[in-house]
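Every chain is numbered from 1, with letters handed out A, B, ... down the list of sequences. Values reported hereafter were calculated over all heavy atoms of this structure, with side chains retained and with hydrogens, waters and symmetry mates removed.
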There are 2 protein chains.
Amino acid sequence: MNLKDLAKALELSQTTVSRALNGYPEVNEDTRKRVETMARKLGYAPNQQARRLATGRSMSIGHVIPRTLHEMMNPIFMEFIAGAGEAYSRLGYDMIISVVEDRQVEATYREIAAKKKADAVMVHGPRNNDKRHLLLKELGIPFLVHGRVPGAESSTSWIDVNNTRAFERATDLLLDLGHRRIAFLNGLENMDFAIRRRAGFERAFQNRGLAPDPSLMRQSEMTEPYGADCALEMLRTDKPPTAFLVSSMISAIGVSRAISLCGLEIGKDVSVITHDDALSFLPNSGEVPIFTCTRSSVRYAGRRAAELLIEKILPDPDTRIEEHLEAELIIGRSTGPRQR
Amino acid sequence: MNLKDLAKALELSQTTVSRALNGYPEVNEDTRKRVETMARKLGYAPNQQARRLATGRSMSIGHVIPRTLHEMMNPIFMEFIAGAGEAYSRLGYDMIISVVEDRQVEATYREIAAKKKADAVMVHGPRNNDKRHLLLKELGIPFLVHGRVPGAESSTSWIDVNNTRAFERATDLLLDLGHRRIAFLNGLENMDFAIRRRAGFERAFQNRGLAPDPSLMRQSEMTEPYGADCALEMLRTDKPPTAFLVSSMISAIGVSRAISLCGLEIGKDVSVITHDDALSFLPNSGEVPIFTCTRSSVRYAGRRAAELLIEKILPDPDTRIEEHLEAELIIGRSTGPRQR
DNA sequence: TCTCGTATTCAAAGCGGTTTGGAAGATTGT
DNA sequence: ACAATCTTCCAAACCGCTTTGAATACGAGA
């Protein structure tokens with residue numbers, strides 16, 4: 001069942017049928033109704049490939065995931081994808097995901113451009129010396145960055161959590177509670193978001209004329225053992241931290257395991273604040289959440305990002321988008337005044 | 001830069017150029033070399049949409065994710081996708097992911113079929129009364145099930161972990177260690193994999209003429225709080241379990257938190273075995289892993305599934321595939337002989 | 001020398017849509 | 001009544017590739 005058949009069945013030209021279905025004005029309202037009815041009756045759906053070829057638009061958005069990124073960040077990433085996916089299917093777009101080796105990222109983008117595989121791409125996990133935005137501009141593919149490319153904030157479209165502010169506020173809270181020896185378990189600091197979080201952490205100290213203890217600051221992939229191992233090691237020194245600021249729920253769970261192992265009580269002997277991406281399988285909710293946290297739904301970010309990106313490709317690809325999401329600071333059971 | 005331009009530059013017909021690039025035999029080897037060189041020089045890449053239209057193959061695989069599935073299972077699912085994605089990009093296929101509401105699943109499959117969006121689809125998370133395989137057969141889309149559709153094992157292609165056997169072995173181990181009051185925290189038992197795991201658990205008891213205590217058997221989404229809450233509740237009764245068998249690392253982490261909260265020691269006072277999908281952000285490895293587990297890499301499953309599915313659509317769509325993955329039973333620090 | 005495979009190449013016909021540039025019929029203005 | 005203007009519909013071109021069917025050139029066999 002293709003357009004030709006449908007047109008024949010209706011005794012109309014392909015032109016008219018096509019226009020009727022695509023909502024063009026130069027077709028009689030009665031005809032349109034008739035066409036739509038028949039289309040539904042015969043189960044007609046335009047062949048995606050043909051339409052794409054004819055219109056030149058692929059109606060799909062590309063996501064290129066280098067291995068280093070998907071290797072570890074993946075639960076958070078998945079949540080973002082889930083959000084974006086919702087928006088895409090609502091708006092009639094396809095999401096195409098390419099999981100590739102790091103060194104193939106550039107080739108993959110070039111292929112997307114050359115073969116016209118996608119109308120736009122989403123850029124994930126911007127890093128220190130990220131060059132992807134330059135490549136994409138060269139290739140002329142519209143894109144949106146989830147996060148910010150350092151140094152290119154004002155020349156790219158992006159959506160990002162206000163990481164600096166979130167972590168500054170979290171640190172402020174710990175300082176207000178009397179903590180001074182605050183451990184900071186950050187994500188890998190070649191990632192832009194981690195750099196910003198660190199800046200927030202340090203700024204809070206500076207604002208009070210204090211300085212964080214460098215020996216309590218770590219960075220790594222945000223796994224559970226990372227949290228546990230760091231916390232264990234730190235808690236066993238003679239000058240253990242009285243509080244932890246952690247970049248991810250997953251690592252925070254590790255920290256909390258370590259605290260238990262040391263026979264200490266979380267929220268009493270040791271305070272913990274974590275950044276909570278609102279991962280569905282790690283709900284930190286309830287009346288009083290387990291962890292005090294800076295919370296920002298990454299799924300929402302995904303949904304919003306998808307909407308913005310599609311908006312961007314529609315009328316004028318040159319409009320630049322900046323969207324800041326603020327994280328909430330939510331008090332849970334893992335923080336309390338300094339005891340020792 | 002399209003085929004026509006390239007042909008003109010070479011002073012050859014489109015036919016010959018196309019054939020040269022696609023490796024057809026009826027083209028002179030010298031000509032082929034010349035064509036390939038020029039193509040590379042001019043940066044030619046065939047337009048994907050046009051090729052798709054002409055060949056009738058979309059060179060992409062669809063994954064339809066209903067909300068209920070992606071809502072919670074998502075870290076495991078993501079890992080599968082990462083594996084599948086690797087294989088797809090290696091084999092030149094695109095992965096298109098549709099995140100939809102449950103009630104739109106059928107419509108989405110129909111759309112994929114009608115619009116020829118994908119050459120095949122992967123079916124995730126088969127359930128009790130799953131009907132998707134019937135729909136897909138009706139639509140004539142090749143598919144592979146990750147897991148098994150109850151009652152349709154012998155009429156569909158699938159790849160699955162031997163869940164029953166894995167959980168039987170795990171239970172055996174606990175029984176061998178003297179445990180009798182074994183709590184079983186399963187996934188939702190409308191999912192096929194959960195049904196099989198339960199069967200394995202029960203069979204191990206039956207084989208010894210024993211029976212599990214139904215009050216210690218639970219099922220739910222496999223979140224962290226699920227594990228913690230169940231364990232807390234059970235450990236506070238007068239007849240607490242001495243061991244836990246848990247369907248997911250994530251819930252196992254919750255269980256372990258509960259055990260600590262009760263002032264007990266994991267692996268000594270209480271034993272825990274979990275199923276470990278080898279999630280990258282929850283590595284349970286090292287010389288002696290934290291958790292004793294039945295381990296089966298879901299990422300590998302994804303990679304393998306993708307390969308099989310593509311194999312299946314290539315020559316003869318009617319060959320049926322069955323592949324069983326065995327889980328390893330790995331001893332970690334979370335199990336020991338019954339104390340009380 | 002003539003015929004016949006074989007090796008190469010090509011023109012043109014799809015694939016299934018969208019879009020351009022009319023054309024016919026209906027309506028309006030004078 | 002007649003030109004001007006809408007309204008509504010259509011034939012044909014086009015998107016960029018693959019593939020069919022045929023043409024050309026060449027060397028081998030009769």
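Of the residues in residues 4-12 of chain A, A:Glu11, A:Leu12 come within less than 4.0 Å of DNA chain D through at least one heavy atom, sorted by number. Taking every heavy atom of residues 24-52 of chain A and every atom of DNA chain D, pairs under 4.0 Å involve A:Glu26, A:Val27, A:Asn28, A:Thr31, by number.
Among residues at least two apart or in separate chains, salt bridge (Lys or Arg N to Asp or Glu O under 4.0 Å) pairs with a member in residues 33-56 of chain B are B:Arg52-B:Asp94. Contacts classified as salt bridge (Lys or Arg N to Asp or Glu O under 4.0 Å) and involving residues 8-22 of chain B (residues at least two apart or in different chains) are given here: B:Arg19-B:Glu26.
A straight line from CD of B:Gln14 to C1' of C:dA13 spans 12 Å, rounded to a whole angstrom. Atom CG in B:Leu3 sits roughly 16 Å away from atom P in C:dA12 (whole-Å rounding). When the P atom of C:dG16 is taken as reference, atom NZ of B:Lys117 falls 18 Å away, rounded to whole Å. One atom, CG of B:Leu53, and another, P of C:dG14, lie 14 Å apart when rounded to the nearest Å.
Every side-chain contact (heavy atoms from CB on, under 4.5 Å) that A:Ala39 has, sequence neighbours left out, goes to A:Leu6, A:Leu21, A:Tyr44. B:Thr16 pairs by the side-chain hydrogen bond (donor to acceptor under 3.5 Å, both in side chains) definition with B:Ser13, not counting sequence neighbours. Not counting sequence neighbours, the partners of B:Ser58 by the side-chain hydrogen bond (donor to acceptor under 3.5 Å, both in side chains) test are B:Ser60, B:Asp119. Take A:Glu322 and apply the salt bridge (Lys or Arg N to Asp or Glu O under 4.0 Å) test, not counting sequence neighbours, and it matches A:Arg320. For the side-chain contact (heavy atoms from CB on, under 4.5 Å) test, residues two or more places apart in sequence or in another chain that qualify with B:Ile61 are B:His63, B:Tyr88, B:Tyr93, B:Ala120, B:Leu309, B:Ile310, B:Ile313.
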Report all interatomic pairs (protein N or O, nucleotide N or O of nucleotides 21-27 of chain C) with separations under 3.5 Å.
none

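Note on the helix from C:dT1-D:dA30 to C:dT30-D:dA1: terminal axis deviation equals 60°, with five pairs used at each end and the result rounded to 10°.
Looking at A:Glu106 and A:Lys131, no side-chain N of the basic residue comes within less than 4.0 Å of a carboxylate O on the acidic one, giving no salt bridge. Look at A:Arg299 and A:Glu79 and you find a salt bridge, because one of the NZ, NE, NH1 or NH2 atoms lies within 4.0 Å of a carboxylate O, short of that distance. With respect to B:Lys312 and B:Glu307, no salt bridge is recorded, no charged nitrogen being found less than 4.0 Å from a carboxylate O. Ion pair B:Asp192/B:Arg148 not flagged as a salt bridge, since none of the NZ, NE, NH1 or NH2 atoms sits closer than 4.0 Å to an Asp/Glu carboxylate oxygen.
For B:His324 and B:Trp158, the gap between ring centers is short of 6.0 Å. Separation of the A:His124 and A:Phe77 ring centroids falls under the 6.0 Å cut-off.
Between A:Ile81 and A:Met95 the shortest side-chain heavy-atom distance falls below 4.5 Å.
Residue A:Ser18 places at least one side-chain N or O under 4.0 Å from the OP1 or OP2 atom of C:dT18.
The minimum heavy-atom distance linking B:Ser157 with B:Phe143 is given by the pair CB-O, 3.9 Å.
The span of DNA chain D lying next to chain A, judged by atoms under 4.0 Å from heavy atoms, is bounded 5' to 3' by D:dT8 to D:dG16.
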